[in-house]
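Reviewing the structure listed below.
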There are 2 protein chains.
Amino acid sequence: MLDRQKVTIQDIADKANVSPSTVSRVLSGNARVVESKQTAVLEAIRELNYRPNIFARGLASGQSMTIGVLTQNISSPIYDAIMWGILQNLKGSGYSPVFADGYWSQEAEKNALHILLDRHADGLIVIGGSSPKEVLIETAKRVPLVVVGREIPEISENCLKMDDFQGGYLATQHLIERGHRQIVNITGILSHDDAVERLEGYKKALKEAGLAVDDQLIVEGGFNEQSGVMAINILMERGRAFSAIFAANDQMAFGARLALYRKGIRVPDDVSIIGYDNQPTSAYMTPPLTTIDQPAVELGEAASFNILQLIKGQAIEKTTFPAKIVMRESVSRLR
Amino acid sequence: MLDRQKVTIQDIADKANVSPSTVSRVLSGNARVVESKQTAVLEAIRELNYRPNIFARGLASGQSMTIGVLTQNISSPIYDAIMWGILQNLKGSGYSPVFADGYWSQEAEKNALHILLDRHADGLIVIGGSSPKEVLIETAKRVPLVVVGREIPEISENCLKMDDFQGGYLATQHLIERGHRQIVNITGILSHDDAVERLEGYKKALKEAGLAVDDQLIVEGGFNEQSGVMAINILMERGRAFSAIFAANDQMAFGARLALYRKGIRVPDDVSIIGYDNQPTSAYMTPPLTTIDQPAVELGEAASFNILQLIKGQAIEKTTFPAKIVMRESVSRLR
DNA sequence: TATTGTTTTGAAAGCGCTTTCAAAATACCT
DNA sequence: AGGTATTTTGAAAGCGCTTTCAAAACAATA
């Protein structure tokens with residue numbers, strides 16, 4: 001194997017007895033090259049183990065052949081699924097992903113956006129995050145952009161979102177159907193749109209069933225386990241009776257389940273729980289957690305499909321991604 | 001805000017009445033520039049909102065000012081902690097991270113490595129993974145390399161690892177100390193070094209306490225929840241009695257805990273469990289899981305510290321990262 | 001003041017590729 | 001066969017920066 005750094009397009013040209021232009025043409029494939037030279041070039045490339053210099057390419061062509069992906073806190077399983085979907089669809093497109101992480105901090109996110117832009121990403125996928133929408137709207141003017149998990153009216157066509165409202169509705173409805181009447185909702189952070197929508201879905205299901213929405217049964221959580229624990233404590237203090245809990249994500253469901261365990265309240269015998277997200281661990285909670293599954297992989301696939309379309313200047317499709325319920329063992333029928 | 005793409009170093013030079021060379025000098029800071037021009041240039045840069053073209057820079061300088069990070073399946077909390085550590089330390093170094101994901105597949109990993117190399121990363125951090133060690137040894141010859149989570153004798157100075165042996169030892173010892181004698185070990189994938197070492201630690205603790213190593217109490221798992229479930233089933237079939245389980249990671253502990261629940265065996269009353277990794281969810285298992293904590297963030301910090309040193313051609317330090325036990329409620333004293 | 005030494009600066013070459021443009025080669029007509 | 005239309009090719013001009021090198025400016029010395 002020869003030095004990867006040193007072999008240039010000129011070397012290939014020499015070896016194949018053609019000009020650099022011709023080599024470039026077989027590399028990019030957007031101009032005809034006579035068969036014999038084509039193979040000679042390919043042969044030379046393989047023999048010398050040539051890899052094009054990405055900087056020279058970027059500089060000359062103005063394209064980076066990368067898609068910037070702005071993520072938040074990569075560790076969340078749901079984001080991971082989205083990323084997986086994105087990667088799947090990017091394969092073989094010629095584009096490769098470049099990541100930058102916002103870590104849910106506006107400062108870091110701004111920084112990450114700059115990094116991506118500086119790297120001349122040909123397209124941008126922004127997953128969630130807390131960037132002011134003005135920033136995103138501005139960004140969308142400069143570069144093809146797909147926003148995942150947020151809905152921004154001004155650039156609605158660029159946004160891809162799960163149906164959180166429907167998910168909240170579904171979860172609550174399931175509980176009602178199982179005979180529950182006093183249903184707690186541990187919400188997400190209510191400054192996040194998705195959290196609000198899940199809450200709205202919850203309310204709708206209640207109303208539709210002729211049940212009153214009782215503020216005393218609603219507690220705002222923080223999308224993490226600890227806030228699930230706290231929510232139960234708050235609920236106990238309030239003293240309002242309840243037989244089921246809808247937590248706006250699985251992590252809070254976990255916390256709630258633990259808090260219940262601590263108080264000697266059995267799940268699902270005494271209290272039922274339904275979560276949201278269907279993260280991998282949830283299937284192994286004790287008892288396995290009934291939850292709402294989001295088509296995260298599909299969402300990711302759609303995101304990269306769309307960004308590719310956008311780059312090509314073609315039309316994009318705005319699909320909706322319906323949530324569905326995954327029944328396991330944390331919900332019982334109330335008699 | 002002016003177009004980011006269009007402003008070049010020449011524009012700055014014109015505006016500040018200097019030559020491009022001078023602008024370049026104040027940008028890089030590695031040559032004196034008289035105060036007045038310095039400020040004029042800085043001023044021009046701000047006014048025109050200039051951002052250097054990263055391709056031109058890379059092409060001219062041969063440096064990318066990036067550190068390639070080859071990860072596996074980003075979603076695992078432990079990897080996330082390592083990454084966090086890496087990022088922390090990279091801040092302000094002038095280098096920014098570029099990620100590529102191996103998804104625990106050799107094929108994908110090879111690909112990812114190529115991407116990173118093609119992008120001319122000035123240094124590489126490889127986290128775990130299943131690349132043949134020859135590949136890594138070769139790579140180390142071309143570019144500064146730090147391998148995290150694997151020990152490769154030939155390039156030992158470049159490797160950073162947690163002390164898995166000690167962790168396995170610690171976990172088992174704790175169980176013994178609490179009076180357990182028949183201790184199960186659900187191991188990790190035994191083709192992974194860390195899994196083997198945890199197992200060895202387990203054996204050592206047993207021997208030290210004068211207990212026999214019973215093969216019937218050892219089950220190979222797959223580092224995921226499902227294999228924890230299966231392990232319990234296998235154990236039940238084998239019919240060997242046990243009072244405690246050491247699972248080589250928390251996910252398998254979860255699976256085991258669920259399987260036990262299914263069989264009506266209580267934790268920790270009937271059987272104690274200790275995990276490994278201290279992933280965030282584990283604190284919220286029912287009961288909260290006693291486990292082994294690894295200094296993942298510190299590991300990550302050390303990794304980026306070392307890669308930076310390597311790039312500068314300076315000496316690196318090879319620290320060891322001791323595991324420690326986190327006692328929660330899944331282990332009981334056996335009377 | 002003349003001379004030498006030291007900074008500070010700009011001109012210009014080049015990093016490795018893409019892409020335009022015109023020349024060369026080939027194909028297709030009549 | 002001669003001419004035209006078409007395809008294939010190479011020369012050469014950049015892309016925007018860094019970096020060498022020598023000239024210009026300034027300081028220091030005799």
Side-chain angles (χ1 to χ4, degrees), chain A residues 2-42 44-45 48-66 94-95 117-122, chain B residues 2-42 44-45 48-66 94-95 117-122:
Chain A
L2 301 178
D3 283 33
R4 70 184 301 125
Q5 311 282 24
K6 319 269 6 176
V7 183
T8 77
I9 203 173
Q10 183 66 56
D11 297 326
I12 303 300
D14 293 348
K15 178 138 192 153
N17 276 316
V18 296
S19 71
S21 334
T22 301
V23 177
S24 175
R25 283 189 265 260
V26 350
L27 243 30
S28 70
N30 46 25
R32 317 187 53 90
V33 170
V34 96
E35 178 95 10
S36 62
K37 311 209 171 190
Q38 171 104 2
T39 55
V41 167
L42 258 18
I45 288 178
L48 301 184
N49 191 34
Y50 167 71
R51 315 228 45 157
N53 181 312
I54 210 169
F55 294 130
R57 238 187 203 182
L59 184 56
S61 71
Q63 297 203 301
S64 65
M65 298 308 284
T66 61
Y95 287 86
L117 255 18
D118 281 350
R119 290 206 189 302
H120 290 246
D122 296 327
Chain B
L2 301 178
D3 283 34
R4 68 183 304 123
Q5 313 280 23
K6 319 268 7 175
V7 182
T8 78
I9 202 172
Q10 184 66 57
D11 297 326
I12 303 299
D14 292 348
K15 178 138 192 151
N17 277 316
V18 297
S19 72
S21 334
T22 300
V23 176
S24 175
R25 281 189 266 259
V26 351
L27 244 30
S28 69
N30 46 26
R32 315 189 55 88
V33 170
V34 95
E35 178 95 11
S36 62
K37 312 209 172 189
Q38 172 101 1
T39 53
V41 167
L42 257 19
I45 289 178
L48 300 184
N49 191 32
Y50 167 70
R51 314 229 48 159
N53 181 311
I54 210 169
F55 295 130
R57 235 185 204 183
L59 184 55
S61 71
Q63 297 204 301
S64 66
M65 297 308 285
T66 61
Y95 287 87
L117 254 18
D118 281 350
R119 291 207 188 300
H120 290 249
D122 297 326

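Because the structure is predicted, anything quoted here is derived from the model rather than measured. So you know, we letter chains A, B, ... as the sequences are listed, proteins then strands, and number each from 1.
- Across the protein-nucleic acid pair, A:Asp118 atom CG and D:dC17 atom C1' stand 14 Å apart, rounded to whole Å.
- The separation between A:Ile45 atom CD1 and C:dC17 atom C1' is 13 Å, rounded to whole Å.
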Nucleotide N/O of nucleotides 6-10 of chain C paired with protein N/O under 3.5 Å:
| unit_1 | atom_1 | unit_2 | atom_2 | d |
| --- | --- | --- | --- | --- |
| C:dT8 | OP1 | B:Arg32 | NE | 3.2 |
| C:dT8 | OP2 | B:Arg32 | NE | 2.5 |
| C:dT9 | OP2 | B:Val34 | N | 3.0 |
| C:dG10 | OP2 | B:Ser19 | N | 3.0 |
| C:dG10 | OP2 | B:Ser19 | OG | 3.2 |
| C:dG10 | OP2 | B:Thr22 | OG1 | 2.7 |
| C:dG10 | N7 | B:Arg25 | NH2 | 2.6 |
| C:dG10 | O6 | B:Arg25 | NH1 | 3.4 |
| C:dG10 | O6 | B:Arg25 | NH2 | 3.4 |

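- Of the residues in residues 52-65 of chain B, B:Pro52, B:Asn53, B:Ala56, B:Arg57, B:Ala60, B:Ser61 come within less than 4.0 Å of DNA chain D through at least one heavy atom, sorted by number.
- By the side-chain hydrogen bond (donor to acceptor under 3.5 Å, both in side chains) test, B:Asp14 is found to be paired with B:Gln10, residues two or more places apart in sequence or in another chain being considered.
- In this structure, the side-chain contact (heavy atoms from CB on, under 4.5 Å) partners of A:Ser19, at least two apart in sequence or on a different chain, are A:Ser21, A:Thr22.
- Atom CD of A:Gln10 and atom P of C:dC17 are 10 Å apart (whole Å).
- Atoms NZ (B:Lys6) and P (D:dG14) sit 15 Å apart, rounded to a whole Å.
- Residues forming a side-chain contact (heavy atoms from CB on, under 4.5 Å) with B:Asp122 (at least two apart in sequence, or on another chain): B:Gln63, B:Ser64, B:Met65, B:Tyr95, B:Ile311.
- With sequence neighbours excluded, no residue forms a side-chain hydrogen bond (donor to acceptor under 3.5 Å, both in side chains) with B:Arg57.
- Separating the CD1 atom of A:Ile12 from the P atom of C:dC17 is a distance of 9 Å, rounded to the nearest angstrom.
- Taking atom CG of B:Leu27 as the reference point, atom P of D:dG16 lies 15 Å away to the nearest angstrom.
- Partners of B:Arg25 under the side-chain hydrogen bond (donor to acceptor under 3.5 Å, both in side chains) rule, at least two apart in sequence or in another chain, do not exist in this structure.
- In this entry the distance linking CD of A:Glu35 with P of D:dT8 reads 11 Å, nearest Å.
- An angle of 40°, rounded to 10°, separates the two end axes of the helix from C:dT1-D:dA30 to C:dT30-D:dA1, each defined over five pairs.
- Between B:Val41 and B:Val23, the shortest heavy-atom distance links the atoms CG1-CG1, 4.2 Å.
- In this view, B:Ala60 satisfies the side-chain contact (heavy atoms from CB on, under 4.5 Å) rule with no residue, not counting sequence neighbours.
- In terms of the side-chain contact (heavy atoms from CB on, under 4.5 Å) criterion, residue partners of A:Ala40 (sequence neighbours excluded) are, by chain and number, A:Ala16.
- When all heavy atoms of A:Thr66 and A:Arg119 are compared, the pair lying nearest together is OG1-O, 4.4 Å.
- The interatomic distance linking B:Asn30 (CG) with D:dC17 (C1') rounds to 13 Å, in whole Å.
- Applying the side chain to side chain donor-acceptor pair (under 3.5 Å) test to every pair with at least one member in residues 31-40 of chain A, sequence neighbours left out, gives no pairs at all.
- Applying the side-chain hydrogen bond (donor to acceptor under 3.5 Å, both in side chains) rule to A:Lys15 yields the partners A:Glu47; only residues at least two apart in sequence or on another chain are considered.
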